[in-house]
Enquirer: 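One structure coming up, written as structure tokens, with questions to follow.
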Amino acid sequence: APQYFACDCGLTVKVSAATIAFNPIFWNIVARAEYNNRTLTRIFGGPYRGCYFLAVTIFSLGILRDHVFSVALDEQPFYAPVHQPILGATLIASGSVLVVSSMWALGVTGTYLGDYFGILMDAPVTGFPFNVTGSPMYWGSTMNFLGVTLWKGKVAGLLLTLEVLILYIFALRWEDPFTAEIYAKRERQRTRNKDVKNL
């Protein structure tokens with residue numbers, strides 16, 4: 001069945017690939033613009049309102065991305081060796097736990113780039129799921145994509161999941177050092193403030 005293995009990279013698959021690529025690029029560009037220029041803070045009259053707007057936007061784009069991904073897979077030929085429903089369901093369940101528990105632990109502003117708005121957490125979250133992985137939302141999301149792929153038995157899903165993984169790896173390399181510097185900057189400011197008080 002070679003014809004089934006060769007996935008049909010039609011329009012919906014290309015649109016799915018585009019939405020997968022667009023989302024992390026979009027939120028990183030918008031977040032950097034906010035940090036440097038306070039764009040959304042000025043537009044919406046405060047950092048919290050700006051962050052909530054970005055949260056709704058990112059969440060909505062994620063729903064659209066997932067829907068297009070599902071439609072794209074439904075249009076693809078079935079390939080039995082990729083159809084692993086038990087493993088797929090396990091990945092979906094595990095990935096969803098990582099994503100939902102991460103959002104619960106971080107809250108809205110912690111999940112949706114509040115630190116770029118100057119809304120910083122008091123201390124790093126070290127409990128579950130961050131004691132399992134430092135990036136539970138990204139890894140959980142990747143597991144969900146792979147889980148749906150295996151549940152439906154579609155080769156195109158493997159390629160799109162690989163795209164998700166690559167983009168998230170690049171996003172982490174871009175985001176983590178910047179976020180770390182935001183908090184390091186706060187600590188330097190706190191140290192300077194203490195030194196001034198002790199003079």
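It should be emphasised that the depicted structure is a prediction, and the values quoted were computed from it without experimental measurement.
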Enquirer: Side chains of Lys152 and His83: does their closest heavy-atom pair fall under 4.5 Å?
Expert: no

Enquirer: What distance do Phe26 atom CZ and Asn28 atom CG have between them, rounded to the nearest 0.5 Å?
Expert: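 Nearest 0.5 Å value for the CZ-CG distance: 10.5 Å.
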
Enquirer: Looking at side-chain heavy atoms only, is the closest gap between Met137 and Thr111 below 4.5 Å?
Expert: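 Yes, side chains in contact.
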
Enquirer: Just so I know, are the side chains of Asn23 and Ile58 near enough to count as touching, which here means a heavy-atom distance under 4.5 Å?
Expert: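 Contact flag for Asn23/Ile58 side chains = no.
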
Enquirer: Provide the closest heavy-atom pair for Gly114 versus Cys51 in the form atom of the first, atom of the second, distance.
Expert: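 The answer is CA-SG, 3.7 Å.
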
Enquirer: Assigning hydrophobic clusters by single linkage (Ile, Leu, Val, Met, Phe, Trp, Tyr; side-chain heavy-atom cutoff under 4.5 Å), is Val71 placed with Ile63?
Expert: no

Enquirer: Test side-chain contact (heavy atoms from CB on, under 4.5 Å) on Ser94 and Thr90; report intermediate values, then the result.
Expert: CA-CA 6 Å; Ser94 302; Thr90 302; 4.2 Å; yes

Enquirer: Is any side-chain heavy atom of Tyr116 less than 4.5 Å from a side-chain heavy atom of Thr179?
Expert: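 In contact.
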
Enquirer: Which one of Phe69, Trp151, Tyr138 satisfies the ring-ring contact (aromatic ring centres under 6.0 Å, His included) criterion with Phe145?
Expert: Phe69

Enquirer: Under a 3.5 Å threshold, yes or no: a donor from one side chain and an acceptor from the other, between Arg186 and Gln189?
Expert: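 Result is no, nothing qualifies.
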
Enquirer: With rounding to the nearest 0.5 angstrom, report the OG1 to CZ distance, Thr57 to Phe59.
Expert: 12.0 Å

Enquirer: Would you say Glu34's side chain and Leu40's backbone share a donor-acceptor pair under 3.5 angstrom?
Expert: yes

Enquirer: First locate atom CH2 of Trp27, then atom OH of Tyr112, and finally report the distance between them rounded to the nearest 0.5 Å.
Expert: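 Taking CH2 in Trp27 and OH in Tyr112, the distance rounds to 9.5 Å.
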
Enquirer: Can you tell if the side chain of Ile43 reaches within under 4.5 Å of the side chain of Arg49, non-hydrogen atoms only?
Expert: no

Enquirer: Honestly curious: do Phe53 and Phe22 fall in one hydrophobic cluster under the side-chain, below-4.5 Å linking rule?
Expert: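 Yes; Phe22 is reachable from Phe53 via cluster members.
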
Enquirer: Is there a chain of hydrophobic side chains (I, L, V, M, F, W, Y, each step under 4.5 Å between heavy atoms) that links Leu106 to Leu113?
Expert: yes

Enquirer: Is there a side-chain contact between Tyr168 and Arg173 (heavy atoms, below 4.5 Å)?
Expert: no

Enquirer: Once you measure the plane-to-plane angle for Tyr52 and Tyr48, does it fall in the parallel (<30°), tilted (30-60°) or perpendicular (>60°) bin?
Expert: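 Geometry flag for Tyr48 against Tyr52: tilted rings.
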
Enquirer: Check the angle between the aromatic planes of Phe178 and Tyr35 and answer parallel, tilted or perpendicular using the 30° and 60° thresholds.
Expert: perpendicular

Enquirer: Which heavy atom of Pro136 sits nearest a heavy atom of Thr133, and at what distance?
Expert: CD-O, 3.4 Å

Enquirer: For Glu175 and Arg32, what are the C-alpha separation, side-chain angles and deciding distance, and is it a salt bridge (Lys or Arg N to Asp or Glu O under 4.0 Å)?
Expert: CA-CA 10 Å; Glu175 295 168 10; Arg32 289 293 181 100; over 6 Å; no

Enquirer: Which pair of non-hydrogen atoms, one from Phe128 and one from Ser101, has the smallest distance, and what is that distance?
Expert: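 Scanning both residues, the minimum pair turns out to be CE2-OG, 3.4 Å.
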
Enquirer: Supply the atom-to-atom distance Leu158 CG to Thr149 OG1, rounded to the nearest 0.5 angstrom.
Expert: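 Result: 5.5 Å between the selected atoms.
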
Enquirer: Determine the minimum heavy-atom distance between Ala156 and Val13, stating which atoms define it.
Expert: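 So the minimum-distance heavy-atom pair works out to CB-CG2, 4.3 Å.
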
Enquirer: For the pair Thr19 (side chain) and Ser16 (backbone), establish whether a donor and an acceptor sit closer than 3.5 Å, ignoring hydrogens and angles.
Expert: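 Between the backbone of Ser16 and the side chain of Thr19 there is a qualifying donor-acceptor contact (under 3.5 Å).
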
Enquirer: Which of these, Val99, Leu91, Asp66, sits in a side chain to side chain contact (heavy atoms under 4.5 Å, CB included) with Asn144?
Expert: Val99

Enquirer: Nearest 0.5 Å, what's the CZ-OG distance between Arg65 and Ser141?
Expert: 4.5 Å

Enquirer: From Ser135 OG over to Phe130 CZ, what is the distance, rounded to the nearest 0.5 angstrom?
Expert: 8.0 Å

Enquirer: Heavy atoms, side chains only, cut-off 4.5 Å: are Ile92 and Met143 in contact?
Expert: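 The answer is no; the side chains never approach within 4.5 Å.
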
Enquirer: Look at the side-chain heavy atoms of Ile, Leu, Val, Met, Phe, Trp and Tyr, link any pair under 4.5 Å apart, and say whether Met103 and Ile119 land in one connected group.
Expert: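 In one cluster with Met103: Ile119, yes.
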
Enquirer: Would you say Lys154's side chain and Phe78's backbone share a donor-acceptor pair under 3.5 angstrom?
Expert: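 No: the side chain of Lys154 does not pair with the backbone of Phe78.
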
Enquirer: When hydrophobic residues are tied together by side-chain contacts of less than 4.5 Å, even through go-betweens, does Leu162 share a cluster with Val148?
Expert: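 Shared cluster, no.
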
Enquirer: Assess, by modelled atom type and distance only, whether the side chains of Thr12 and Glu75 contain a donor and an acceptor separated by less than 3.5 Å.
Expert: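 Checked: Thr12/Glu75 side chains pair up, N/O donor to acceptor below 3.5 Å.
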
